[in-house]
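These notes are about the structure you will find just below.
Keep in mind that what you see is a predicted model, and the values were worked out from it rather than measured. Order of the sequence lines fixes the chain letters, A, B, ..., with proteins taken first and strands second; residue numbering starts at 1 for each chain. Atom set for the values below is all heavy atoms of this structure, side chains included, hydrogens, waters and symmetry mates excluded.
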Number of protein chains: 2
Amino acid sequence: MIEQGDSCDQTLEIRSGIARAVDYSADGYRQILAFFFAGDFIGLPLCSSHRYSVEAVRGLRFVPHASQRLQTGFPVHDSEPEAIAKAIWQEEKAFIARSLILGRVGVQARVAAFLTYLSQRLELADGMLDFSIPQGDMASYLGTSPETVCRTLRRLRDEGVIAVPSRDRLQILNACQLNVLAEGE
Amino acid sequence: MIEQGDSCDQTLEIRSGIARAVDYSADGYRQILAFFFAGDFIGLPLCSSHRYSVEAVRGLRFVPHASQRLQTGFPVHDSEPEAIAKAIWQEEKAFIARSLILGRVGVQARVAAFLTYLSQRLELADGMLDFSIPQGDMASYLGTSPETVCRTLRRLRDEGVIAVPSRDRLQILNACQLNVLAEGE
DNA sequence: CGGTGGATTGACGATCGTCAACAAACGTGG
DNA sequence: CCACGTTTGTTGACGATCGTCAATCCACCG
């Protein structure tokens with residue numbers, strides 16, 4: 001889709017589904033930097049080459065746009081400058097969001113903050129989320145292990161904060177309590 | 001200096017010293033999101049209000065610039081679009097950097113990655129860093145406690161990877177080993 | 001029906017956050 | 001220059017958390 005290091009000549013606009021931004025460090029370390037959802041633009045050409053790879057998580061539909069580089073002038077041809085600023089802001093917000101989530105101490109706080117964040121992006125109704133993100137991806141995003149993610153979700157389920165009716169559905173039953181947990185107990 | 005939530009009508013250009021970007025969440029949680037150094041622009045007006053506060057860490061000198069909002073058109077009056085793209089990219093890079101550091105498992109790996117990152121920004125010579133960042137700030141940035149930061153730095157010192165000649169100086173003796181530790185042992 | 005990949009659970013040991021005490025550095029006023 | 005209070009750094013001890021390894025279960029697909 002987009003490979004880290006590729007030159008910035010196209011931008012993707014997500015129509016539906018979830019995509020992940022992945023960083024492959026020189027040392028082989030792999031991290032999921034962000035998730036992107038319907039309506040997001042990714043691969044904004046602030047630089048000459050992409051800073052991360054973009055991969056489909058599930059059910060991804062997107063449209064590519066040819067992009068002129070911001071370095072050689074802003075593309076005012078088909079979109080207003082405001083639209084570009086908004087898209088850049090959206091992308092940056094995604095990175096700050098992960099930063100804020102990872103900065104919390106305790107995996108439970110991070111998971112709770114992540115679920116709250118997700119609910120703002122892909123809530124269907126009544127706290128029900130389209131939760132088609134593998135736990136391995138969640139673990140990489142949250143800087144922990146899949147086992148710990150699983151255990152933490154289980155504890156939240158046992159405490160009645162969330163419900164997991166099916167593998168790709170997750171319902172937030174007690175958003176208030178989730179916020180308390182996100183502060184670290 | 002800049003308060004989180006203020007309207008974006010000024011941009012700061014750092015001349016010397018270190019500044020920190022701080023997020024105050026609604027729940028009172030405080031996190032240091034990024035450090036900024038000489039040459040950086042902060043407070044870029046991608047949005048109508050600032051997303052974080054900016055505070056001086058030490059020895060900060062800066063010049064304010066009145067900023068037109070990107071939302072209402074790019075300010076091409078005194079700087080090229082490329083310069084703006086570069087500044088935005090620099091800011092975003094700082095957030096991604098923290099994200100990549102925090103995503104690593106183990107405090108030692110995070111500290112090592114952070115020191116490597118710092119050395120790219122404020123290295124003087126021979127791995128010697130102007131290290132006037134309180135350990136409390138480091139701890140908040142790294143998502144850990146001041147005590148653990150202190151202990152980790154001590155271990156690195158004992159292993160001969162770094163040296164701390166004075167409180168505001170830190171020398172990287174073995175950059176290679178530091179990279180190994182950043183990968184998690 | 002077997003195979004495959006993800007999810008789950010248990011056990012164990014290392015790490016790390018917390019509390020507490022103390023030392024060192026710094027700024028202030030005398 | 002000294003006395004003092006305040007901030008920051010340092011160290012020890014302890015308990016909870018979390019990463020790892022391993023085994024097992026489950027959903028999905030051929």
Side-chain angles (χ1 to χ4, degrees), chain A residues 18 20 29-32 55-59 101-115 129 131-159 162-170 181-185, chain B residues 18 20 29-32 55-59 101-115 129 131-159 162-170 181-185:
Chain A
I18 303 177
R20 57 173 184 244
Y29 213 92
R30 176 182 179 273
Q31 281 191 47
I32 293 182
E55 304 167 359
V57 174
R58 182 170 162 150
I101 291 170
L102 281 176
R104 294 170 186 257
V105 290
V107 172
Q108 184 170 268
R110 298 208 286 273
V111 170
F114 179 59
L115 291 178
L129 305 183
F131 198 69
S132 46
I133 301 177
Q135 292 186 4
D137 284 1
M138 268 188 72
S140 173
Y141 181 87
L142 295 174
T144 183
S145 64
E147 293 95 328
T148 303
V149 169
C150 175
R151 271 186 259 263
T152 306
L153 288 177
R154 180 146 205 350
R155 195 176 329 140
L156 293 177
R157 232 177 44 194
D158 291 345
E159 291 170 357
I162 62 171
V164 187
S166 80
R167 181 159 287 197
D168 57 356
R169 282 278 186 286
L170 185 145
L181 292 177
E183 297 170 33
E185 251 99 341
Chain B
I18 303 178
R20 57 174 184 243
Y29 213 92
R30 176 181 179 273
Q31 279 191 48
I32 294 182
E55 303 167 359
V57 174
R58 183 173 161 148
I101 290 170
L102 281 175
R104 295 171 185 258
V105 290
V107 171
Q108 184 170 268
R110 297 208 286 273
V111 170
F114 179 59
L115 291 179
L129 304 183
F131 197 68
S132 46
I133 300 176
Q135 292 185 6
D137 284 1
M138 268 188 72
S140 173
Y141 181 86
L142 294 174
T144 182
S145 64
E147 294 95 327
T148 303
V149 169
C150 175
R151 272 186 259 264
T152 307
L153 288 178
R154 180 146 207 348
R155 196 176 327 140
L156 293 177
R157 234 177 43 193
D158 291 345
E159 290 170 356
I162 62 172
V164 187
S166 79
R167 182 162 280 197
D168 57 355
R169 281 280 186 284
L170 186 145
L181 292 177
E183 297 168 33
E185 251 100 341

(request) Go through DNA chain C in 5' to 3' direction and return only the first and the last nucleotide with some atom under 4.0 Å of chain A's heavy atoms. (result) dA7(C) to dA11(C)

(message) Could you check whether atom CZ of Arg169(B) has more than 12 heavy atoms from other residues, nucleotides or ligands sitting under 6.0 Å from it?
(response) yes

(message) Let me confirm one number: the OG1-CZ distance from Thr144(B) to Arg110(B), rounded to the nearest 0.5 Å.
(response) 6.0 Å

(request) Verify, without hydrogens or angle tests, whether Arg104(A) (side chain) and Ala182(A) (backbone) share a donor-acceptor contact under 3.5 angstrom. (result) yes

(message) How long is the straight-line distance from CD of Gln108(A) back to CG of Leu156(A), given to the nearest 0.5 Å?
(response) 5.5 Å

(request) Starting at CD of Glu159(A), measure out to CG of Leu181(A) and round the result to the nearest 0.5 Å. (result) 6.5 Å

(request) Could you list the residues that satisfy salt bridge (Lys or Arg N to Asp or Glu O under 4.0 Å) with Arg155(A), not counting sequence neighbours? (result) none

(message) Heavy atoms within less than 4.0 Å of DNA chain D: which residues of residues 136-152 of chain A have one? Give them sorted by number.
(response) Gly143(A), Thr144(A), Ser145(A), Glu147(A), Thr148(A), Arg151(A)

Could you go over nucleotides 25-30 of chain D and give all protein N or O partners under 3.5 Å, atom names and distances?
none

(message) Measuring from atom CG of Leu142(A) to atom CG of Leu102(B), what distance do you get when rounded to the nearest 0.5 angstrom?
(response) 12.0 Å

(message) Roughly what angle, to 10°, lies between the helix axis at the start of the helix from dC1(C)-dG30(D) to dG30(C)-dC1(D) and the one at its end, five pairs per end?
(response) 40°

(request) Return the 5'-most residue of the pair Val105(A), Gln135(A) with respect to DNA chain C, ranking by each residue's nearest nucleotide. (result) Gln135(A)

(request) Report yes if some heavy atom in the side chain of Arg151(B) is under 4.5 Å from a heavy atom in the side chain of Val107(B); otherwise report no. (result) no

(message) Are the side chains of Val164(A) and Phe131(A) in contact, using a 4.5 Å heavy-atom criterion?
(response) no

(message) Using heavy-atom distances to pick each residue's nearest nucleotide on DNA chain D, tell me which of Gly106(A) and Leu153(B) is more 5'.
(response) Leu153(B)

(request) Only counting residues at least two apart or in another chain, list the ones meeting side-chain hydrogen bond (donor to acceptor under 3.5 Å, both in side chains) with Thr148(A). (result) Ser145(A)

(request) Enter the distance from Arg167(B):CZ to Gln135(B):CD here, rounded to the nearest 0.5 Å. (result) 8.0 Å

(message) Are more than 12 heavy atoms, taken from residues, nucleotides or ligands other than Arg30(B), located less than 6.0 Å from that residue's CZ atom?
(response) yes

(message) For the CD1 atom of Ile133(B) and the CD1 atom of Ile18(B), what is their distance to the nearest 0.5 Å?
(response) 4.0 Å

